[in-house]
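Step one of this worksheet: look at the structure below.
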Amino acid sequence: MDDSPRLIPKTRKELILENLDWFSLPVRIAELVENVLDGKIREQSLVCCHSACDVCNATIRSCVRKVQRELEDLGQSI
């Protein structure tokens with residue numbers, strides 16, 4: 001992977017999709033991540049319930065936090 005700076009920064013959607021892939025989460029979770037970032041869903045509600053879900057809320061929460069950090073690093077608003 002090329003680590004040189006990009007001429008055009010990644011979009012919010014690109015960051016979300018890239019991080020979903022990094023956390024091995026399905027693309028269908030992108031809307032949920034966007035809703036958390038937009039404040040429509042409380043981040044605190046994403047906790048592991050230990051019921052062996054196919055997609056763990058704790059993993060989604062980690063993904064959301066990583067996207068938030070990357071957006072802040074790029075100077076983009078959440």
Side-chain angles (χ1 to χ4, degrees):
M1 180 186 284
D2 185 12
D3 288 333
S4 61
R6 291 174 52 129
L7 182 59
I8 300 171
K10 293 179 185 177
T11 65
R12 179 177 166 171
K13 186 75 166 183
E14 287 175 317
L15 282 174
I16 290 170
L17 293 175
E18 182 179 277
N19 280 290
L20 288 175
D21 185 54
W22 196 85
F23 281 95
S24 300
L25 293 168
V27 174
R28 64 183 165 90
I29 304 297
E31 188 174 347
L32 174 63
V33 172
E34 287 185 33
N35 285 332
V36 173
L37 292 173
D38 292 339
K40 296 176 184 174
I41 297 175
R42 292 180 54 227
E43 181 183 336
Q44 293 79 4
S45 68
L46 297 173
V47 294
C48 180
C49 60
H50 303 289
S51 63
C53 300
D54 66 326
V55 178
C56 181
N57 281 332
T59 305
I60 297 170
R61 187 176 190 177
S62 296
C63 180
V64 167
R65 287 184 174 170
K66 189 170 184 300
V67 170
Q68 287 172 331
R69 282 192 306 273
E70 290 181 18
L71 286 170
E72 289 169 359
D73 289 346
L74 292 174
Q76 296 182 20
S77 62
I78 297 171

Practice task
State whether E43 and R65 are salt-bridged, where the test is any N-O pair (Lys NZ or Arg NE/NH1/NH2 against Asp/Glu carboxylate O) under 4.0 Å.
Solution key: yes
Fill in the blank from the handout: Here the pair of heavy atoms bringing S45 nearest to N57 is O-ND2, 4.4 Å
Completion exercise
One should read off an interatomic distance between W22 CH2 and S62 OG, to the nearest 0.5 angstrom, of 9.0 Å
Completion exercise
Between the CG atom in L20 and the CG atom in L32, the distance rounded to the nearest 0.5 Å is 9.5 Å
Practice task
Could you tell me whether the side chain of P26 reaches within less than 4.5 Å of the side chain of V55, counting heavy atoms only?
Solution key: yes
Handout entry: Closest contact, heavy atoms only, D38 versus R12
Key = OD1-NH2, 2.7 Å
Practice task
Answer yes or no: is there a side-chain heavy-atom contact under 4.5 Å between I16 and L37?
Solution key: yes
Problem - E34 bridged to K40 by N-O distance under 4.0 Å - result: no
Practice task
Check whether any side-chain heavy atom of K13 lies under 4.5 Å from a side-chain heavy atom of L17, and answer yes or no.
Solution key: yes
Fill in the blank from the handout: Here the gap from R61 atom CZ to C56 atom SG, rounded to the nearest 0.5 Å, amounts to 11.5 Å
Problem - Heavy atoms from other residues, nucleotides or ligands near CD of Q44 exceed 12 (cutoff 6.0 Å) - result: yes
Fill in the blank from the handout: One should read off an interatomic distance between L15 CG and E70 CD, to the nearest 0.5 angstrom, of 5.5 Å
Handout entry: Within-4.5 Å side-chain heavy-atom neighbours: I41 and V36
Key = yes
Problem - Gap between atom CD1 of I60 and atom CG of N19 - 0.5 Å precision - result: 13.0 Å
Exercise for the section: Indicate, with yes or no, if V47 and V33 share a hydrophobic cluster defined by side-chain heavy-atom contacts under 4.5 Å among Ile, Leu, Val, Met, Phe, Trp and Tyr. Expected result: no
